[in-house]
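Encoded as structure tokens, the structure appears first; notes follow it.
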Amino acid sequence: MARGKLRIYLGAAPGVGKTYAMLSEAHRRIERGTDCVVAFVEHHKRPRTEVMLHGLEEIPRRELEYRDAVFTEMDVDAVLARHPQVALVDELAHTNVPGSRNTKRWQDVEELLAAGIDVISTVNIQHLESLGDVVESITGVRQRETVPDEVVRRADQIELVDMSPPALRRRMAHGNIYKPDKVDAALSNYFRPGNLTALRELALLWVADRVDEYLTEYRSEHRVSKIWGSRERIVVGLTGGPEGRTLIRRAARLAEKGAGGEVLAVYIARSDGLTSASPKELAVQRTLVEDLGGTFHHVVGEDIPVALLDFARGVNATQIVLGVSRRKSWQYMFGPGVGAMVARDSGPDLDVHLITHDEVGKGRGLPMARGARLGRARVIWGWLAGVVGPGLLTLLLTVGPDAGLANDMLLFLTLTVAAALLGGLYPALASAVLGSALLNWFFAPPVHTLTIADPKNIVAITVFIGVAVSVASVVDLAARRTHQAARLRAESEILSYLAGSVLRGETSLEALLERVRETFGMESAALLERTSDVDPWTCAGSVGPRPAQCPEDADVDMPVGDHTALALSGRVLPASDRRVLAAFAAQAVVVLDRQRLQQEADRAKELAEGNRIRTALLAAVSHDLRTPLAGIKMSVTSLRSDDVEWSEEDQAELLAAIEEGADRLDHLVGNLLDMSRLQTGTVTPLIREIDLDEVVPMAMGGIPDPESTVVLDVSESLPMVATDKGLLERVVANVVENAVKYSPAGESVLVSASALGDRVEVRVVDRGPGVPDEAKDRIFAPFQRYGDAPRGNGVGLGLAVARGFAEAMGGTLTAEDTPGGGLTMVLTLRAGRSSTELPQPVPARTARPEHPVQTERQTP
């Protein structure tokens, strides 16, 4: 069955009209005859959205009971049984009620897509998992409900539902988003113009990045080489000189002028021996461009201007930033320079900026060398000098005065040396043969015959040919050796970068494969492996479109061992490139092995941590559980004994001991269960707005004689807090019991609360011995007791559980000194919506909120 298609309406904030747009699309599809149903749509009592549901078939929701309340969720089985063409599923990032088929709604959507049902859904930009920290820094609110970015990226269509901040605030003020009693608080907090503008920009940039990915894929598939200037993408050409920093900063300023501008710094390792870059300076420039939000690229190119333009067109760049040449005036006789050639060949679709800097005209720092390999132009000039030159020289010597055979031979020898210097061996040989023949015919007596009368002239012509061939051979050998040296230097630069990436800890296989693809100018790169010679190949990692699935399908394959190969697609590489490719392939296998070893190490670390926890647990409970069990066993045995007749007072005392031991066991086991849930991450709070003056007194139920040991100062005028009532009660009970345990006799523990901005603080103050500063963070570690606290008072989990529950509710629990001596525990909670805008509450699993537990002050 073909997989269904996913369409997502993405918005910057609640109320921009995502659900309305989704329902409008549903009505349009129904008018076209499409079988479309509402699987789950939440209208939040917004009249305009609710009206759009009329005329649409709705799948009945599934009712779930959780913590004495009834919630409704999408009935996945009913939707699958109905199997419509299109299903509408609102709020993709929603967390389902415990007991549902899946934990998250996007997992429900994946089931519908796998069944061949098209899905239309909605999500806000703040719910994308990778943007959680950014959104929190903008709004001050941490989003608990998130959806993995990859789920949204895989959508077949992403449509941005946009609205300007003033328009959205007007919609809010008109009561079209929230109830009237919530409007003022929302407008002054979450829906501030600055927040909405930042979220809108975030949404626009995220969608622009996705569009850019689609555009790159389309250009690759259709082999589009012409630049499409859909966004400003600036390429900075680096030479490894000190002027690179100026160029990078200038490019960053250019990118800031255009929305979504991007900077790509590229260093092309030259294979013609003309320049040499400083690895230290390149490392500094790499760090600088990455700090400015750009990317650094390292490419090998035979011809610098051509390689630079190919790279710019390959990344769909719109501008190239180059520095004015550092060459001195006399050095321009060797050519116009990279900047001039790039500007000449860039065409109308690329703007080239030549930036002045402090190094202009100071020289390259190294002498100019001739080409490492004889270029095409030099070879042509060599053949002209070797073939046409002797004829022209003969014409000049015949029409002019007689210079003598010796001088004629020197002139022809000079021409042969020039042909050797320009074109190498073969033009020089042609010049020597043709020149010797012309000398014999026109200048060696008797002229106009191929015979030589004077034996001395035979020796002279022979020496002439020998010198010409020797010079040509030396020039050709020097050119080949220079080319080999330059090639080896380019390879050493690449290998040096490869070694540097290892030292820097860049162990991502995809990053290394992308570097291979970019360095050799390939379309795709893949690392293939198989377990034996008869098993099929599998892809361990790949980059680029349409990577090869087996070595036979690739244009270039580099085997590594018996069952691993690096496969490249795009073009056939020359044999000289395979040596560097072999180094990349070997490094790719090392990176793959390292990743797998790291995964094994992580799993081993998890097992070791589990063993450590179990060992500590056994050591901690060996006595703490045995003591109450022994007391219960002794009391029960005494009551059942027929040898002693117990009085009512004695029986009551023994029953009280049994009850006390059972309570201690219940508290210990409760703490152990809570810590196990915290360790496995299964504690998810049910956030509701509650009053502190309702919860804090209830937390005192497990404290002996709370009227004389605890003083409450919790005002009824405090703002409500957004928290889980059961978890908050556990936190307060643990902290207060801990404080009571260490308070001196006759000293009461003070529990006070106060409002501070969008936060509410609960402070538990005791006058006990206190805790040193270096131990204040470690007292929250599990299985720890403070000082010489006697065994039998707990397993050292009380404060660890309290902090874990506090952080699960979005709060904090810290310790600080009490003025005058003692310890103060500070519990910070978020204020309710009357003070700040909060996301929709989500019911979730909590852990044993019914009874407070016995706790211990802890330290290593």
Side-chain angles (χ1 to χ4, degrees), residues 158 160 201-239 243-268 285-286 288-301 303-325 336-357 514-515 517-519 521-523 543-545 570:
I158 300 177
L160 178 66
E201 181 184 26
L202 198 63
L204 290 170
L205 291 177
W206 195 90
V207 173
D209 287 339
R210 303 293 76 71
V211 173
D212 190 61
E213 290 179 1
Y214 299 149
L215 178 61
T216 302
E217 183 178 351
Y218 177 86
R219 285 167 51 85
S220 176
E221 291 178 352
H222 294 79
R223 301 186 181 275
V224 178
S225 59
K226 184 178 179 181
I227 292 176
W228 293 351
S230 55
R231 64 184 297 184
E232 291 298 331
R233 185 173 281 110
I234 303 173
V235 170
V236 185
L238 301 178
T239 64
E243 77 279 1
R245 307 181 197 180
T246 302
L247 303 184
I248 292 171
R249 294 188 180 98
R250 178 60 173 163
R253 291 196 296 272
L254 289 174
E256 290 175 355
K257 295 180 180 180
E262 184 179 356
V263 176
L264 299 90
V266 57
Y267 169 69
I268 300 177
Q285 294 173 14
R286 176 192 181 98
L288 176 61
V289 71
E290 290 176 349
D291 290 342
L292 293 175
T295 56
F296 184 89
H297 305 266
H298 195 286
V299 178
V300 171
D303 187 285
I304 298 300
V306 173
L308 184 60
L309 289 172
D310 288 344
F311 177 83
R313 293 190 174 99
V315 299
N316 201 29
T318 56
Q319 302 181 53
I320 296 179
V321 173
L322 298 173
V324 176
S325 177
V338 173
M341 297 180 68
V342 169
R344 183 192 66 189
D345 299 333
S346 62
D349 50 2
L350 262 175
D351 297 332
V352 179
H353 302 267
L354 291 178
I355 308 300
T356 58
H357 48 83
E514 178 62 28
R515 185 64 60 187
R517 187 191 66 82
E518 187 177 84
T519 299
M522 292 295 183
E523 292 183 358
V543 294

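Count residues from 1 along the sequence. The figures that follow rest on heavy atoms only: side chains count, while hydrogens, waters and symmetry mates do not.
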_Test of understanding: with ring pair (Phe, Tyr, Trp, His ring centres under 6.0 Å), list the residues that count as partners of H297, not counting sequence neighbours._
F311
_Residue pair R249 / L288, side-chain heavy-atom distance below 4.5 Å_ = yes
_Could you measure the distance from the CD atom of Q285 to the CG atom of L247? Nearest 0.5 Å is fine._
8.0 Å
*Taking atom CZ of R313 and atom CG of L350, what is their separation to the nearest 0.5 Å?*
5.5 Å
*Gap separating the CD atom of Q319 from the CG atom of L264, nearest 0.5 angstrom*: 12.0 Å
_All side-chain hydrogen bond (donor to acceptor under 3.5 Å, both in side chains) counterparts of E514, not counting sequence neighbours_ = R517
_Nearest non-hydrogen partners of G323 and L354, listed with the distance_ = O-CD2, 4.4 Å
*V236 vs V289, side chain to side chain contact (heavy atoms under 4.5 Å, CB included): CA-CA, chis, key distance, verdict*: CA-CA 10 Å; V236 185; V289 71; over 6 Å; no
_Straight-line distance of I304 CD1 to L309 CG, nearest 0.5 Å_ = 11.0 Å
*For residues V263 and A255, report the shortest heavy-atom separation together with the two atoms involved.*
CG2-CB, 3.7 Å
*Drop me the distance from I248's CD1 to R253's CZ, to the nearest 0.5 angstrom.*
12.0 Å
*What pairs with A203 under side chain to side chain contact (heavy atoms under 4.5 Å, CB included), at least two apart in sequence or on another chain?*
A12, I125, L160
*Heavy-atom closest pair, residues V235 and A317*: CG2-CB, 3.5 Å
*When rounded to the nearest 0.5 angstrom, what distance separates CG in L308 from CD1 in I268?*
4.5 Å
